[in-house]
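Below is one structure, written out as structure tokens; the observations come after it.
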There are 2 protein chains.
Amino acid sequence: MLLTTSAEENYLKAIFKISEKDPGPVLTNALATAMGTSAASATDMLKRLSEKQLVAYEKYRGVTLTPEGNRLATSLIRKHRLWEVFLVEKLGFAWDEVHDFAEQLEHVQGDNLTDRLDEYLNHPRFDPHGDPIPDAQGRWIRRPQVRLTTLSPGQKGIVTGVDDHTSPFLQYLDELGIALGVAIELLDRTAYDQSSKVRISGKEYTLSEKASQNLFLRLE
Amino acid sequence: MLLTTSAEENYLKAIFKISEKDPGPVLTNALATAMGTSAASATDMLKRLSEKQLVAYEKYRGVTLTPEGNRLATSLIRKHRLWEVFLVEKLGFAWDEVHDFAEQLEHVQGDNLTDRLDEYLNHPRFDPHGDPIPDAQGRWIRRPQVRLTTLSPGQKGIVTGVDDHTSPFLQYLDELGIALGVAIELLDRTAYDQSSKVRISGKEYTLSEKASQNLFLRLE
DNA sequence: AAATATTTTTAGACTTGTCTAAAAATAAAT
DNA sequence: ATTTATTTTTAGACAAGTCTAAAAATATTT
Ligand SMILES: [Mn+2]
Ligand SMILES: [Mn+2]
Ligand SMILES: [Mn+2]
Ligand SMILES: [Mn+2]
């Protein structure tokens with residue numbers, strides 16, 4: 001069996017997430033940006049991960065996860081999201097407070113911890129931000145969801161997730177009463193700045209294009 | 001505010017625990033042994049901790065914690081033991097399975113996590129091994145407890161803790177039905193090897209001196 | 001196709017935490 | 001009071017992970 005450091009795990013996760021949004025090999029610069037490090041550091045780590053057979057890396061051509069690297073990244077995301085559920089459901093934290101804790105907790109190693117946590121939380125399928133939690137076999141749930149920016153005036157949807165996980169955005173949603181499961185109706189889209197006029201439980205609000213872009217909905 | 005690495009925290013905890021058992025300055029070798037490192041590494045770390053004002057270190061004379069060092073060590077032990085309670089009470093792990101997890105979880109940083117966990121667990125005062133959990137202000141509970149080796153034949157006690165936290169010992173206790181809160185009567189002490197003849201819920205057993213040494217009891 | 005711009009890799013350096021081996025300080029024994 | 005033994009510190013090295021600056025490779029323009 002091979003052991004991975006927290007740093008290695010974080011790089012694997014970043015590679016996974018980048019290629020999730022943008023399929024194909026992940027380029028060094030994209031990885032470095034995602035990790036907040038220099039391209040030189042990313043290259044360095046790619047050599048290490050390649051050495052450990054966790055990525056397939058070709059100089060100048062980018063990197064992809066090997067099956068084992070994919071397995072590890074998936075497991076890390078599973079752990080991260082389960083801990084986030086724990087922090088919100090059991091410890092009572094707000095959805096904008098849990099990411100940094102989960103970033104640490106995801107690296108805790110040891111037999112059965114994840115599965116016991118999963119069991120204890122009643123096998124949640126989504127985390128507090130609406131992101132799917134892969135099961136113990138690494139299987140993903142696919143849900144049809146669209147951004148608020150794709151709705152036509154008159155369409156309604158239920159909030160299923162957010163694409164921006166930062167506190168400012170999440171707290172802004174709190175102020176508007178927007179949370180997972182809340183119904184939103186698009187009343188109109190302003191031509192000038194693409195902002196959305198919406199109705200949320202009777203009240204009307206205007207959401208910027210940026211905010212609308214970061215809201216995922218299931219169409220009703 | 002100062003930030004500490006996991007390694008630094010572990011050294012502080014080790015210094016705390018050594019001087020708890022054996023008051024006075026902690027010697028380099030004792031610390032190195034406790035940490036499973038070389039004396040050279042311990043010396044190195046003592047310089048770093050001294051630099052950060054977490055310990056008072058005098059070459060060749062040993063080391064003591066500063067108030068801030070003591071605060072950090074106490075907080076670390078609090079976190080360790082609270083996580084152990086969580087793992088046993090909520091996730092259903094056995095008392096011999098939780099130490100290594102807690103060793104990692106104790107280093108998770110961030111506002112309020114410890115206090116929310118404490119709240120969620122209903123402010124437990126002792127961990128699964130009977131060790132006291134300091135409160136948020138770092139105050140310790142003192143309990144009168146003695147080792148089984150100090151009892152006289154005929155005396156009874158309730159198990160309040162263990163001094164050996166390793167799996168083999170804890171599982172051995174499981175087999176004998178010995179757990180926190182269990183009543184034990186010392187029937188006789190064998191002169192030859194100082195082993196204890198005891199009665200536990202009706203049945204009689206013989207415990208080696210080593211095992212007896214590692215059992216703490218509150219006298220009835 | 002050559003020149004220019006961009007991306008990526010290499011080279012060399014730094015920090016943390018560790019090691020072994022040697023030197024220095026302290027303690028114990030004769 | 002020396003000698004001997006033990007403990008501790010210093011010196012020098014190493015791995016992981018990071019950095020900046022320079023070199024090399026690739027992509028884009030003209
Ligand atoms: Mn991480
Ligand atoms: Mn999340
Ligand atoms: Mn630790
Ligand atoms: Mn314990």
Side-chain angles (χ1 to χ4, degrees), chain A residues 1-15 18-19 22 24-65 69 72-73 76 103-104 106-109, chain B residues 1-15 18-19 22 24-65 69 72-73 76 103-104 106-109:
Chain A
M1 205 46 226
L2 102 180
L3 35 147
T4 49
T5 64
S6 294
E8 289 169 344
E9 291 179 343
N10 286 337
Y11 274 92
L12 291 174
K13 193 174 62 161
I15 294 166
I18 293 167
S19 50
D22 193 353
V26 171
L27 302 181
T28 301
N29 256 2
L31 184 55
T33 301
M35 293 299 299
T37 62
S38 68
S41 301
T43 301
D44 229 56
M45 180 57 86
L46 288 181
K47 287 181 189 164
R48 259 193 296 277
L49 292 174
S50 184
E51 193 62 41
K52 289 192 174 184
Q53 315 252 40
L54 297 172
V55 301
Y57 167 56
E58 281 188 82
K59 273 180 163 191
Y60 298 100
R61 304 245 153 274
V63 69
T64 55
L65 295 175
L72 272 170
L76 201 67
E103 208 56 48
Q104 301 172 65
E106 69 188 6
H107 301 289
V108 174
Q109 312 257 2
Chain B
M1 205 43 223
L2 103 180
L3 35 147
T4 48
T5 65
S6 294
E8 289 169 344
E9 291 179 344
N10 286 338
Y11 273 92
L12 291 174
K13 193 173 62 162
I15 294 167
I18 293 167
S19 50
D22 194 352
V26 171
L27 301 181
T28 301
N29 256 2
L31 184 54
T33 301
M35 291 300 299
T37 63
S38 68
S41 300
T43 301
D44 231 54
M45 180 56 86
L46 289 182
K47 287 180 188 166
R48 260 193 295 277
L49 293 174
S50 184
E51 193 61 40
K52 289 192 175 186
Q53 315 254 41
L54 297 172
V55 302
Y57 167 55
E58 280 187 82
K59 274 179 159 193
Y60 297 101
R61 303 246 152 273
V63 68
T64 55
L65 295 175
L72 273 170
L76 201 68
E103 207 56 48
Q104 301 172 66
E106 69 188 6
H107 300 290
V108 174
Q109 311 256 0

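Per chain, numbering begins at 1; letters A, B, ... match sequence-line order.
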Rounded distance (Å) that lies between atom [atom2] of [N] and atom [atom1] of [X]:
X      : N      : atom1 : atom2 : answer
A/L31  : D/dT18 : CG    : P     : 11 Å
B/L27  : C/dA25 : CG    : P     : 18 Å
A/L3   : D/dA16 : CG    : P     : 11 Å
A/H107 : D/dG17 : NE2   : C1'   : 14 Å
B/D44  : D/dG12 : CG    : P     : 14 Å
A/M45  : D/dA15 : CE    : P     : 16 Å
B/L46  : C/dG17 : CG    : C1'   : 13 Å

Practice problem: Scan A/T37 against the nucleic acid and name what it touches under 4.0 Å (heavy atoms): base, sugar-phosphate only, or nothing. | Solution: sugar-phosphate
Exercise. Using a 4.0 Å heavy-atom cut-off across all strands, classify B/A40 as base, sugar-phosphate, or nothing.
Key: base
Within the pair [X] and [N], is there a side-chain N or O less than 4.0 Å away from OP1 or OP2?
X     : N      : value
B/T43 : D/dT8  : no
A/N29 : C/dT8  : yes
B/S38 : C/dC19 : yes
A/T28 : C/dT7  : no

Exercise. Between B/K47 and A/A39, name the one whose nearest nucleotide on DNA chain D is closer to the 5' end.
Key: B/K47
Does the side chain of [X] reach to within under 4.5 Å of the side chain of [Y], using non-hydrogen atoms?
X     : Y     : answer
B/L72 : B/L65 : no
A/Y11 : A/T37 : yes
A/L76 : A/L12 : no

Quiz item: So how far is it from B/Q104 CD to B/H107 NE2, rounded to the nearest 0.5 Å?
Solution: 8.5 Å
Quiz item: Once you round to the nearest 0.5 Å, how far does CE of A/M45 lie from OG1 of A/T5?
Solution: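 Answer rounded to 0.5 Å: 5.0 Å.
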Practice problem: Ignoring hydrogens and angles, tell me if any N or O in the side chain of B/K52 forms a donor-acceptor pair with the backbone of B/L3 under 3.5 Å. | Solution: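 Here the side-chain-to-backbone pair exists.
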Quiz item: Looking at DNA chain C, which of residues 48-61 of chain B put a heavy atom within less than 4.0 Å of it?
Solution: B/R48, B/Y60
Self-check item: Single hit among B/V26, B/T64, B/T43 for side-chain contact (heavy atoms from CB on, under 4.5 Å) with B/Y57
Solution: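 In the set B/V26, B/T64, B/T43, the residue that makes a side-chain contact (heavy atoms from CB on, under 4.5 Å) with B/Y57 is B/T43.
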